[in-house]
Amino acid sequence: EAGVAQSPRYKIIEKRQSVAFWCNPISGHATLYWYQQILGQGPKLLIQFQNNGVVDDSQLPKDRFSAERLKGVDSTLKIQPAKLEDSAVYLCASSLVGRDTQYFGPGTRLTVL
Amino acid sequence: GESVGLHLPTLSVQEGDNSIINCAYSNSASDYFIWYKQESGKGPQFIIDIRSNMDKRQGQRVTVLLNKTVKHLSLQIAATQPGDSAVYFCAENMRDTGFQKLVFGTGTRLLVSP
């Protein structure tokens, strides 16, 4: 079974620019998560979707971050405008509805200069 | 706020030794715990999980122990191999309004010497 796919794997931008990340979850996984992982720390949840609806976005900096999952399958996370402190790995994870185990993608490493 | 933490940031062992990675949690309402392994440049990889109604669960070369009395979780790796070198995270499931919310600790780096 294919795992969670993410692209791009690496991105370097200058501050105030915008950037978008893409995630395709494991087939059949209705729940999708975006995490931010700053170097040396554990992942921190940004937003959780169930199908195309937002379940939890309490830790998403909504003034600059946005995410969507229009058709309930793949998802995009956008940052506009980026700040230096947004430099991190952005991880996507998915799980079956009602199941606790989350499976992670390889992540996108973002560097903001 | 409540959080998950780890006692040791780095653990160095020799190949063939048994490794024990510890984790403290503070939310007594957490009902599910999970260990992930993260190698450099990769996403977290599921290792083993345990529910709060269990004290111990075994997998292939790994065992997770849960002590709810002192809110402590540990991961035991038997016969540690160089391929086990990675950062290990514990996470607790904090159910908020009925939905799962995993809260991760900082992580412990395991270094295995041949």
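Quick note on labels: first sequence line is chain A, next is B, and so on, each numbered from 1.
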Using a cut-off of 6.0 Å, state whether more than 12 heavy atoms not belonging to [X] lie near its atom [atom1].
X     : atom1 : answer
A:K62 : NZ    : yes
A:E85 : CD    : yes
A:L84 : CG    : yes
B:K68 : NZ    : yes
B:R61 : CZ    : yes

Joint hydrophobic cluster, [X] plus [Y], side-chain heavy atoms closer than 4.5 Å:
X     : Y      : result
A:I26 : A:L77  : no
B:F33 : B:M54  : yes
B:W35 : B:V112 : yes
A:Y10 : A:V19  : no

So A:D100 and B:R51, side-chain contact (heavy atoms from CB on, under 4.5 Å) or not? Walk me through it.
CA-CA 10 Å; A:D100 293 321; B:R51 297 206 173 275; 2.7 Å; yes
Minimal non-hydrogen separation, B:T106 against A:G40, with atom names
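Answer, listing the atom of B:T106 first, then A:G40: CG2-O, 3.3 Å.
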So which part of [X] gets closer than 4.5 Å to some heavy atom of chain B, the side chain, the backbone, both or neither?
X     : result
A:Q41 : backbone
A:Y35 : side chain
A:Q6  : neither

If we only count heavy atoms from C-beta on, is the B:K101 to A:Y33 side-chain gap below 4.5 Å?
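SC-SC contact between B:K101 and A:Y33 ruled out.
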Report yes if the side chains of A:L45 and B:L102 come closer than 4.5 Å at any heavy-atom pair, otherwise no.
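Result no, sub-4.5 Å side-chain heavy-atom pair not found.
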Which atoms of B:Q45 come close to chain A, meaning under 4.5 Å heavy atom to heavy atom: side chain ones, backbone ones, both, or neither?
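For B:Q45, no heavy atom lies under 4.5 Å from chain A.
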Let's test your reading of the structure: which of A:G105, A:P43, A:G107 forms the most heavy-atom pairs below 4.5 Å with chain B?
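Counting heavy-atom pairs under 4.5 Å, the top option is A:P43.
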Using atom types as modelled and distance alone, determine if a side-chain donor or acceptor of A:R9 lies under 3.5 Å from a backbone N or O of B:G41.
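Flag set: sc A:R9 to bb B:G41 pair under 3.5 Å.
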Nearest-0.5 Å distance that lies between atom [atom1] in [X] and atom [atom2] in [Y]:
X     : Y      : atom1 : atom2 : value
A:R99 : B:Y32  : CZ    : OH    : 9.0 Å
B:D49 : A:Q102 : CG    : CD    : 11.5 Å
B:K42 : A:L91  : NZ    : CG    : 14.0 Å

Aromatic ring proximity B:Y36/A:F104, centre distance under 6.0 Å
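So the answer is yes for these two rings.
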